[in-house]
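Written out below as structure tokens is the structure these notes cover.
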Amino acid sequence: MKSLGELTIVEALELLEKRECSSVELVAGMIEVIKERDREICAYVSLDEGGAFEQAKAADAARARGEKCRLLGVPIAVKDILNVQGQPCTCGSAILKGYVSPYDATVIAKLRQDGAVFLGRTNMDEFAMGSTTENSALGVTRNPANPGFVPGGSSGGSAAAVAGNLAIAALGTDTGGSIRQPASFCGCVGMKPSYGRVSRYGLTAFASSLDQVGPICKTVRDAAALLDVMAGHDSMDSTSIDVPLTDCTAAMKKDLKGLKLGLPREYFVKGMDRSVERSVMAAVETCRELGAEVIDVSLPHTEYAVATYYIIATAEASANLARFDGVRYGARREGADPLEMYCNTRAHGLGREVKRRIILGTYVLSSGYHDAYYIRAQKARTLIRSDFEKVFEECYALLAPVTPTTAYALGEKINDPLQMYLGDILTIPANLAGICGMSVPCGVGDNGLPVGLQMLGPAFKEERILHVGHAFEGAMTQKAGRA
Ligand code: GLN
């Protein structure tokens with residue numbers, strides 16, 4: 001019998017439906033596991049025991065009345081950047097100490113409506129800026145596969161919670177890879193929906209033209225189940241788009257026969273870890289065995305992605321983070337006059353990486369440099385987007401590594417921001433292009449840590465990557481069974 005933390009959403013729903021377990025029991029069991037094991041992993045920054053039990057009780061009562069909701073009674077964890085009414089929302093920052101959300105983000109409201117229970121909030125890099133979760137002001141999260149290693153970031157708490165069986169599923173956000181990369185580092189499934197698929201209302205903004213909320217789960221089927229509830233147009237977010245989600249469950253039944261999948265040669269970068277390349281190429285072979293035709297493709301502007309992203313993302317962040325000035329949100333440090341108060345608050349409340357990005361973003365937007373940096377980055381972004389459009393004329397989806405390396409040791413890269421930025425090369429392009437992407441576990445690296453296979457699909461074709469991911473995951477499970 002699986003422990004509660006090992007359950008998938010689908011399995012938890014089955015238990016609840018058969019009355020083999022109540023939502024209250026699920027919540028109690030999960031809290032017990034978290035209290036015992038999270039001291040080491042530090043995936044959570046806060047738990048809402050009272051709220052979770054209340055929601056679970058209501059879910060059990062609704063089930064007894066015969067109500068049908070898609071996630072009725074299933075507890076999930078939420079990255080500490082999404083507003084849940086009455087809960088803290090620190091975004092991993094000291095500046096938001098004491099802030100309590102006055103409202104639900106739209107994704108939270110949708111999940112609540114469909115019966116999900118919000119167990120607690122997960123750790124993250126401050127304002128989602130980082131790749132290791134070490135930039136959090138609330139402590140360091142560890143990789144459950146090896147606690148000496150980083151879980152990835154910025155949604156490292158969510159990925160560590162799911163991979164460490166401290167959560168059935170979790171929400172993350174992905175601006176430049178923050179769902180896919182920690183999922184890959186920890187060994188779970190992480191999906192970044194297409195830009196506009198999920199409402200950003202109530203998500204604390206980092207880079208508004210790139211941010212997306214998405215699921216971090218144990219299986220592809222679970223990711224589809226969460227996405228199904230989260231997706232949809234929202235009048236509160238003018239960038240959310242009203243394109244109906246294709247029935248993902250139906251898409252997941254097929255094999256890969258006759259599908260053309262592209263392998264972008266630029267994604268096998270210099271200096272890449274051999275064991276990552278080996279695992280990804282073995283995964284490509286598996287997709288071939290499943291009937292796919294895998295062809296070599298080129299995304300020639302990939303080399304500009306990191307520079308483009310770190311101009312656009314920092315520019316947008318410098319504007320978005322201006323609101324954290326001690327007036328409306330969180331902690332304040334007084335001063336002799338308002339200006340001194342702003343300065344004191346921001347100097348003490350924001351961490352090094354956030355300050356670095358605000359300074360960089362302010363610089364690239366400043367008069368005289370705006371055209372040289374910001375406008376050029378926008379042009380490069382268009383070229384990156386059109387690279388994808390071209391290959392998707394021929395390919396159903398793309399296969400690629402998620403990151404050039406597996407997880408590294410805690411502290412190893414924290415003092416070398418450039419090295420850290422370069423590690424985002426394979427996830428950033430999807431955000432710049434607005435397309436969807438997913439990481440699915442595909443092996444283990446030489447250092448014993450998980451490797452993820454990235455699937456990329458055209459904008460608003462999530463069903464394609466779920467289809468490929470599900471078929472691949474099934475083949476991997478079969479192989480593991482045979483071994
Ligand atoms: N690691 C990238 C960064 O530091 C991506 C972050 C994200 O997706 N939120 O910006």
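For reference, positions follow the sequence shown, starting with 1. Start at 1 and go down the list; that is how both ligands and their atoms are numbered.
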Exercise for review: Would you please say whether a donor-acceptor pair under 3.5 Å links the side chains of S209 and R381?
Suggested key: yes
Review point. Regarding K192 and T427, is there a side-chain donor-to-acceptor distance under 3.5 Å anywhere?
Key: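 Looking only at side-chain atoms, T427 and K192 do not form any donor-acceptor pair under 3.5 Å.
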Inspect the contact between [Y] and [X] and indicate whether a charged nitrogen and a carboxylate oxygen are less than 4.0 angstrom apart.
X	Y	answer
R385	E389	no
D446	R274	no
R376	D371	no

Contacts under 3.5 angstrom, residues 157-169 side chains, donor-acceptor by atom type, not counting sequence neighbours:
unit_1: S158; atom_1: OG; unit_2: T122; atom_2: OG1; d: 2.8
unit_1: S158; atom_1: OG; unit_2: L171; atom_2: O; d: 2.8

Exercise for review: Can you tell me which residues line ligand 1 if we count any heavy atom under 4.0 angstrom from one of its atoms, in chain and number order?
Suggested key: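 If the criterion is a heavy atom under 4.0 Å, then ligand 1 touches A128, M129, G130, S131, S154, D174, T175, G176, G177, S178, F206, Y309, Y310, R357, D424.
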